[in-house]
Amino acid sequence: MPSYAYFHNQFVPLSEAKIGVMTHCIHYGTALFEGIRGNWNSQQKQIYLFRLKEHYERLLNGCRVLTINLPYSIDELCQITIELVERCRFQEDIYVRPLAYKSSEALGVRLHDLDNDFLVFVIPWGPYLPDEAKCGISSWRRPDDNVIPPQAKITGLYVNNALAKTEALENGFDEAIMLTPDGYVSEGTGENIFLVIKGKLVTPASYNNILIGITRDTVIKLAQNELGIETIERQVNRSELYTAEECFFTGTAAHITPIAEVDHRKIGNGEIGEITKKLHKIYSNVIRGNNPKYLDWCTAVYKK
Ligand SMILES: Cc1ncc(COP(=O)(O)O)c(C=O)c1O
């Protein structure tokens with residue numbers, strides 16, 4: 001099945017979407033990305049894009065930070081994405097990668113006097129992490145939030161996350177957990193983190209240098225609406241991870257991934273916890289368009 005990209009204002013085969021070696025964003029990290037899941041529903045033969053609009057809201061907010069003016073509204077970006085995914089005709093889980101970037105072929109560290117562009121492409125992409133993740137606390141810290149505006153996925157700022165991820169894999173873990181510069185739990189390299197403590201959800205707060213995840217928001221709402229479980233957003237100490245009843249990651253790529261171990265210490269009794277299991281089941285139905293209550297979050301791509 002061929003993949004397509006929307007590139008230079010038109011749909012082209014992905015293999016033809018190329019940028020030049022002098023493109024500004026390659027050198028200075030002056031781009032913003034998003035990740036959007038398309039979830040395949042095999043009974044309905046349908047792909048549902050999950051919380052499409054919210055992803056483009058976050059992208060356009062980030063564009064303000066990097067002074068990237070795009071000639072598209074949120075609705076137009078959504079339409080382009082729907083048309084792109086429709087063209088690809090995938091019948092499996094997919095991942096959509098939009099990028100807003102400084103596109104001039106020009107050198108010099110700056111944001112001004114540069115052209116801006118937008119591209120988006122689609123690839124088939126299954127699970128991002130194993131069913132249960134073994135994690136290690138990273139020696140790489142999540143930089144302070146006057147460096148990272150919490151709502152912006154700026155490409156250049158992901159180098160710390162890349163360092164942390166590779167360090168974790170080299171140490172035999174599946175994923176890293178990054179701390180803030182002052183030593184509180186922040187997040188995974190591409191995921192937010194939740195703990196279950198005394199039956200409630202606890203997650204690092206916006207001031208703990210996290211990306212305010214769309215999946216994080218989804219889980220907070222599902223836990224409240226479907227299970228009556230409250231989420232407390234607060235500073236989390238590293239040792240609370242070791243003693244939590246349950247821990248899990250949330251993210252567009254990773255969905256809800258239970259955490260089995262942190263720093264070689266089993267979480268709970270080492271089995272996937274009851275609350276994580278329940279949330280996982282509810283979430284899996286919601287993202288595939290199987291729960292009518294949450295269809296507003298799901299954009300069906302294929303016309304019947
Ligand atoms: C650093 C980081 N934290 C958290 C997340 C989770 O955010 P979302 O649920 O919006 O995908 C991501 C992925 O986008 C991320 O890159």
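Each ligand, and each atom within it, is numbered from 1 in the order the structure gives. No experiment lies behind these values; they were computed from the predicted model shown. Note that the numbering runs from 1 along the sequence shown for the chain. As a basis for the values below, the full set of heavy atoms in this structure was taken, side chains included, without hydrogen atoms, waters or symmetry mates.
- Ligand 1 has no nitrogen or oxygen under 3.5 angstrom from a nitrogen or oxygen of R216.
- Residue contacts with ligand 1: T215 is placed with a nitrogen or oxygen under 3.5 Å of a nitrogen or oxygen of the ligand (distance criterion only).
- Residue R142 places no N or O, backbone or side chain, under 3.5 Å from any N or O of ligand 1.
- K153 counts as a contact of ligand 1, since one of its heavy atoms falls under 4.0 Å from the ligand.
- Under the 4.0 Å criterion applied to side-chain N and carboxylate O atoms, K303 and E86 are assigned as salt-bridge partners.
- Contact analysis puts R58 in contact with ligand 1, with a non-hydrogen atom separation below 4.0 angstrom.
- For R142 and Y184, the positive end is not near the middle of the six-membered ring at less than 6.0 Å and at most 45° from its axis.
- Within the listing of ligand 1, atoms 1 (C) sit less than 4.0 angstrom from a heavy atom of N161.
- Proximity to T189 (heavy-atom distance under 4.0 Å) selects the following atoms of ligand 1: 1 (C).
- Residue-ligand proximity: G35 is placed with every non-hydrogen atom at 4.0 Å or more from ligand 1.
- Shown here is W297, whose CH2 atom has more than 12 heavy atoms of other residues, nucleotides or ligands within 6.0 Å.
- The closest non-hydrogen atom to atom 7 (O) of ligand 1, taken over S186, A164, A254, G213, comes from G213.
- No N or O atom of H55 sits closer than 3.5 Å to an N or O atom of ligand 1.
- Considering only non-hydrogen protein atoms, atom 1 (C) of ligand 1 sits nearest to E187 OE2, 3.3 Å.
- Within the 3.5 Å criterion, the main-chain N or O of R288 finds no donor-acceptor partner in the side chain of N39.
- No side-chain donor-acceptor contact under 3.5 Å links T155 and Y101.
- Counting heavy atoms from C-beta on, the side chains of F248 and L201 come closer than 4.5 Å.
- For Y158, the ring-ring contact (aromatic ring centres under 6.0 Å, His included) test picks out F33, with sequence neighbours left out.
- The protein heavy-atom contact nearest to atom 16 (O) of ligand 1 is Y158 OH, 2.5 Å.
- Classified by interplanar angle (parallel below 30°, tilted 30° to 60°, perpendicular above 60°), the ring pair F118/Y6 is tilted.
- The aromatic rings of Y128 and W125 sit perpendicular to each other, their planes meeting at more than 60°, with 30° as the lower class boundary.
- For a threshold of 3.5 Å applied to N or O pairs, the pair formed by G188 and ligand 1 contains no separation below that value.
- A donor and an acceptor atom, one from each side chain of T231 and Q224, are nowhere located under 3.5 Å apart.
- Regarding atom 11 (O) of ligand 1, its nearest protein heavy-atom neighbour is T252 OG1, 2.6 Å.
- At a 4.0 Å heavy-atom cut-off, ligand 1 does not touch I210 at all.
- Between the side chains of D75 and S73, not a single donor N or O lies within less than 3.5 Å of an accepting N or O.
- A donor-acceptor pair shorter than 3.5 Å can be found between the side chains of Y242 and D263.
- Looking only at protein heavy atoms, the nearest one to atom 12 (C) of ligand 1 is G190 O, 3.3 Å.
- Between T250 and ligand 1, not a single N/O pair is under 3.5 Å apart.
- With a 4.0 Å cut-off on non-hydrogen atoms, E191 touches ligand 1 through its backbone and not its side chain.
- Every atom of ligand 1 with a heavy atom of N192 under 4.0 Å away is listed here by number and element: 4 (C), 6 (C).
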